[in-house]
Amino acid sequence: MAVLTRPYGEDDMASTRLRWQGWWVLGALVLGAALPAQAQGVVVIAGGGAEGDVGDTTAWSYKLYGELVKNGDRTGDGRIRVAILSTETAPTAFLVDYFKWLGAQEAFTLPVLTRTAANDAAVVDAVRGADVIFIKGGDQGQYYDLWNGTRLETNIRYVVQTLGGAIGGTSAGAMSQAQYAFAGGNDLISADVLTDARTPYLNDVSDGGSGIHNDFLGFVPGVLIDTHCTRRGRLGRLVGLLGKAVQDFAAPGLVAICLEERTGLVIRGTSARAVGVGAVELVQQRASSVLRRDAGRPLYYTNLRLDRLTEGWRYDLSTRLPDTSTRPSTAVGLVYPGDGSLNSGSLDIDGDYRQHEDRFAKKTTYAPSDYTVVSGTGSPFIRGAIGLVDAHNSTTRGAVQETAFRALYDFPSHVVLLVGAGSELWRSTSTPDQVEFARNSYSTDGQLSTLVIDAKTATYKDLSPYTSVSAIAGGKLRAAGFINLTLHALAETSSRGGRYDTVRHTVVGGP
């Protein structure tokens, strides 16, 4: 089967084949893999982005990577040694110097570019003397293909599970830590899976089967992990991968985690703490969730729980809930204020045309302008709604996703609708509060699911203390955090029946 490719810069670097992680049922039931040993030390996962400079104690990487060194000497030789793994042909010395500055007595890079090398004791047994293992960003697919089931993987497990050593990674290195891996060798963007819930980009290049595998490192059980979350507009991708993993492994309790750039989690046991400039998104099913994945048709997925954590929030991986008892002092409590004003009149909104954002009560501005929220000027319009169209455009998708959540922070009684190109929203005069979802009759693009983000169920909101990576230079945009949002991916009202009531904040009808 041929690898599905994209032009350089469409989503990831041309050399990067993004892979995904799957889930085990939390508790005693484990799906096909053993529970990591109790000796396991700290796990640090980061969403990518450039590290801070040596000497900069304010940088996100200082606060995250420093936790790896704090795990201490595990070999008993009185020294903290860091092994930095990658598949680079010529790795730089930056991380060596960085970990030494953080307090390690020794650090070394170890490029492992072939399965032969990964099984060569002379190459990879140096890892067994490490106290910390760090996997760089790069190509998650190569890590799986070249290291899975090898002596190198055995050595990594020895350090982490037998010695209690620390394990960390950024970007592809972070994705490698989850219990399951999207390791099929294909790129995937949100628009793919929102247009076709069974897109070939979810398949394995080698055999055409599922691209999700459950036989790699798996040091963070119970989750999927994705990275570059907001900057690359991956909320739709995250939801699509969650649905596939839930079905592939019959795991309705799976939690999908997406880490923004320069942002990550420090995990000790079952407690995860958010650190960094952006947000960590955690999505899972509720008992009321409805999932439909049909080949060639948009994803339909309703009533998902979305927690979006900014720095200082903690999450319990055993209960799959944020720890609100230790919430940051900046958190603001939310209570649903009640249903909004009724709508009147028919309208349609075309996902290809920015001017149609005037048909929502609110719309946002974003880079190259600074963030702000302005009122729509359409008549009629959708009351109580914040809307962005062409939401998955590769040039603007990061800023669109970040400003959508930021606007919801400012107007939590509203609902956010992210409408993709090729899609249409419309309503009739007979049911003006209920939005329906369709494909543009004149568009050459397929219909994308519309992402609906609702704060009716939310209990807290918060703002990152740092400027977002999607802000303009000197801009005021910051990542917004929420506890217990509701998320839907809705499409094909004519055949599936699902409509969204923007006044009562609920899905009406559906399969």
Side-chain angles (χ1 to χ4, degrees), residues 16-37 40 43 45 47 135 139-150 153 156-157 160-161 167 169 171-188 193 197-199 201-229 234 237-259 265 267 270 272 280-285 291 293 299 301 304 315 317-318 320:
T16 302
R17 294 175 301 163
L18 294 169
R19 303 183 180 249
W20 251 91
Q21 315 297 322
W23 186 85
W24 67 318
V25 176
L26 289 164
L29 179 60
V30 180
L31 299 177
L35 183 67
Q40 181 170 306
V43 179
I45 50 176
I135 304 177
D139 187 333
Q140 160 81 3
Q142 287 189 2
Y143 294 159
Y144 179 82
D145 291 342
L146 301 179
W147 300 353
N148 174 242
T150 66
E153 184 178 17
I156 294 171
R157 292 189 180 282
V160 176
Q161 296 177 324
I167 179 77
S171 190
M175 292 169 68
S176 300
Q177 308 309 318
Q179 183 69 30
Y180 291 82
F182 175 55
N186 285 316
D187 294 338
L188 177 72
V193 73
R198 294 184 181 271
T199 172
Y201 288 102
L202 292 168
N203 297 340
D204 192 284
V205 170
S206 60
D207 60 14
S210 174
I212 298 179
H213 303 274
N214 64 344
D215 57 349
F216 200 31
L217 298 174
F219 296 125
V220 187
V223 303
L224 301 163
I225 298 173
D226 203 358
T227 56
H228 305 279
C229 186
R234 286 182 170 169
R237 163 171 146 150
L238 187 72
V239 172
L241 286 164
L242 173 65
K244 177 173 175 58
V246 163
Q247 289 190 340
D248 283 358
F249 298 101
L254 187 154
V255 179
I257 299 176
C258 205
L259 311 166
L265 290 173
I267 302 170
T270 61
V280 178
E281 296 176 353
L282 303 101
V283 181
Q284 60 185 298
Q285 289 192 167
L291 170 61
R293 298 177 63 246
L299 177 70
Y301 213 171
L304 297 166
Y315 191 88
L317 291 168
S318 62
R320 304 188 299 285

- Message: Pair Q285, L304 - check side-chain contact (heavy atoms from CB on, under 4.5 Å), show working.
- Response: CA-CA 5 Å; Q285 289 192 167; L304 297 166; 3.9 Å; yes
- Give a yes or no answer on whether the side chain of E281 reaches the backbone of C229 with a donor-acceptor pair at less than 3.5 Å. no
- Task: Among residues two or more places apart or on two chains, list those pairs meeting salt bridge (Lys or Arg N to Asp or Glu O under 4.0 Å) that have a residue in residues 239-253.
- Result: K244-D248
- Give the intermediate values and the outcome of side-chain contact (heavy atoms from CB on, under 4.5 Å) for residues V255 and L242. CA-CA 8 Å; V255 179; L242 173 65; over 6 Å; no
- By salt bridge (charged side-chain N to carboxylate O under 4.0 Å, His left out), which residues pair with R157, not counting sequence neighbours? E153
- When every non-hydrogen atom of T227 is compared with those of G47, the smallest separation belongs to CB-O, 3.6 Å
- With sequence neighbours excluded, residues passing side chain to side chain contact (heavy atoms under 4.5 Å, CB included) with L146: T87, R115, Q142
- Tightest non-hydrogen contact, residues G240 and V193, listed as CA-CG2, 3.6 Å
- Query: Okay, side chain of Q177, backbone of G169: is any donor-acceptor separation there less than 3.5 Å?
  - Reply: no
- Please tell me if the side chains of I257 and L238 come closer than 4.5 Å, counting only heavy atoms from C-beta onward. no
- Task: Given side-chain contact (heavy atoms from CB on, under 4.5 Å), test L241 with L202 step by step and report yes or no.
- Result: CA-CA 8 Å; L241 286 164; L202 292 168; 3.5 Å; yes
- Task: Output the distance between atom CZ (F249) and atom CG (N214), rounded to the nearest 0.5 Å.
- Result: 4.5 Å
- Exam field: side chain R293 to backbone A197, donor-acceptor pair closer than 3.5 Å: yes
- Task: Write down the atom of Q140, the atom of S176, and the distance for their closest heavy-atom approach.
- Result: OE1-OG, 2.8 Å
- List the steps and the verdict of side-chain contact (heavy atoms from CB on, under 4.5 Å) for F219 and I156. CA-CA 11 Å; F219 296 125; I156 294 171; 3.8 Å; yes
- Message: Ring-plane angle category for Y144 and F216, please: parallel below 30°, perpendicular beyond 60°, tilted otherwise.
- Response: perpendicular
- Task: Could you tell me whether the side chain of N186 and the main chain of N203 form a donor-acceptor pair under 3.5 Å?
- Result: yes
- Find out whether W147 and I135 are in side-chain contact, i.e. whether some heavy atom of one side chain is under 4.5 Å from a heavy atom of the other. yes
- Item | Side-chain donor or acceptor of D215 paired with backbone N/O of N148 under 3.5 Å | no
